[in-house]
Amino acid sequence: MSLKDTIKKDPRLKKLAMWALSADGGIRPRWWVRNLVNPFFHKRGKGTVFFRRSRRDLVPFNPFEIGHHSTIEDFSFLNNAMGAVKIGNHVFIGASNVIIGPVTLHDHIMTAQNVIISGLNHGISSVSIAYRYQPCTVAEITIGEGCWIGANVVITAGVQIGAFSIIAAGSVVTKDVPSYSMAGGNPARLLKQFNHNTGQWEKIG
């Protein structure tokens, strides 16, 4: 049995390990983890920029990778504690985004401000235990190459968005969106699809 499995199965060792790795009540990785451990486990491409006020709550025991020439703007928050976060090349993450793994963002994606992309949900199986203490569930979110995600969009766990799609501002995306589509609303629905024969965006329905 590996050391990781041993720690996971022993509540006391697990509690000790989490204390050693994280501060602020288990919310943020400790300084030594961020600066001395994560660089050996996580991948960062050349020319990628994290603005000074962006926040990286990243742990070494789950993958985090970001490609080359990508940008994470101020007040954005990245968290891989519950699942891998993988960000491609030439990705632009706007101000005040929240990205909680498991999430995969392919190349050349652009997000506007205040976008939430979370592959995490808190459990709701009991009404006698506060939801914040119940076991979490995860389902990976994948966003394809070249997508544009508008301001104030929420993308929920398990959603797959195809390449070169557009999500209108203020949308809540709870279902998959095919490639070359426009979707909007709460819950989001398909509005248009790109017709490669005519070279035009065409309304649906």
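Residues: numbered from 1 along the sequence shown.
Between Ser165 and Pro178, the shortest heavy-atom contact is OG-O, 2.7 Å. For the pair Ser179 and Ala163, the tightest heavy-atom approach, listed with the atom from each and the gap, is OG-N, 3.0 Å. Looking at every heavy atom in both residues, Asn80 comes nearest to Leu58 through OD1-CA, 3.1 Å. Scanning all heavy atoms of the two residues, the minimum distance from Ala183 to Ala188 falls at CB-CB, 4.5 Å.
Between atom CG of residue Leu191 and atom CD1 of residue Ile167 there is a gap of 9.0 Å, rounded to the nearest 0.5 Å. The line from NZ of Lys43 to OG1 of Thr48 is 14.0 Å long, rounded to the nearest 0.5 Å. Asn38 CG to Arg44 CZ: the interatomic distance, rounded to the nearest 0.5 Å, is 12.0 Å. Atom OG of Ser70 is separated from atom NE2 of His90 by 7.5 Å, given to the nearest 0.5 angstrom.
The aromatic rings of His42 and Phe64 stand perpendicular to each other, their planes meeting at an angle above 60°, with 30° marking the opposite boundary. Ring pair Trp201/Phe194 is perpendicular by interplanar angle, where above 60° counts as perpendicular and below 30° as parallel.
A donor-acceptor contact closer than 3.5 angstrom links the side chains of Glu140 and Thr104. Counted by atom type alone, Gln160 and Thr142 present one or more donor-acceptor pairs between their side chains at under 3.5 Å.
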Q | Worked verdict on Phe51 versus Ile72 for side-chain contact (heavy atoms from CB on, under 4.5 Å) | A | CA-CA 6 Å; Phe51 280 30; Ile72 310 294; over 6 Å; no
Q: Check the pair Ile99 / Thr111 against side-chain contact (heavy atoms from CB on, under 4.5 Å), numbers first and verdict last.
A: CA-CA 11 Å; Ile99 299 175; Thr111 71; over 6 Å; no
Q: Any chance you could lay out the side-chain contact (heavy atoms from CB on, under 4.5 Å) test for Ile143 and Ile155, step after step, and finish with the verdict?
A: CA-CA 10 Å; Ile143 302 180; Ile155 300 173; 3.7 Å; yes
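Side-chain N or O atoms of Asn62 include none that pairs as donor or acceptor with a backbone N or O of Ala84 at under 3.5 Å. In this structure, the side chain of Asn121 does not engage the main chain of Thr137 through any donor-acceptor pair within 3.5 Å.
Residues Phe50 and Leu105 fall within the same hydrophobic cluster, defined by Ile, Leu, Val, Met, Phe, Trp and Tyr side chains chained together at heavy-atom separations under 4.5 Å.
Applying the 6.0 Å contact sphere to CG of Leu36 captures more than 12 heavy atoms from other residues, nucleotides or ligands.
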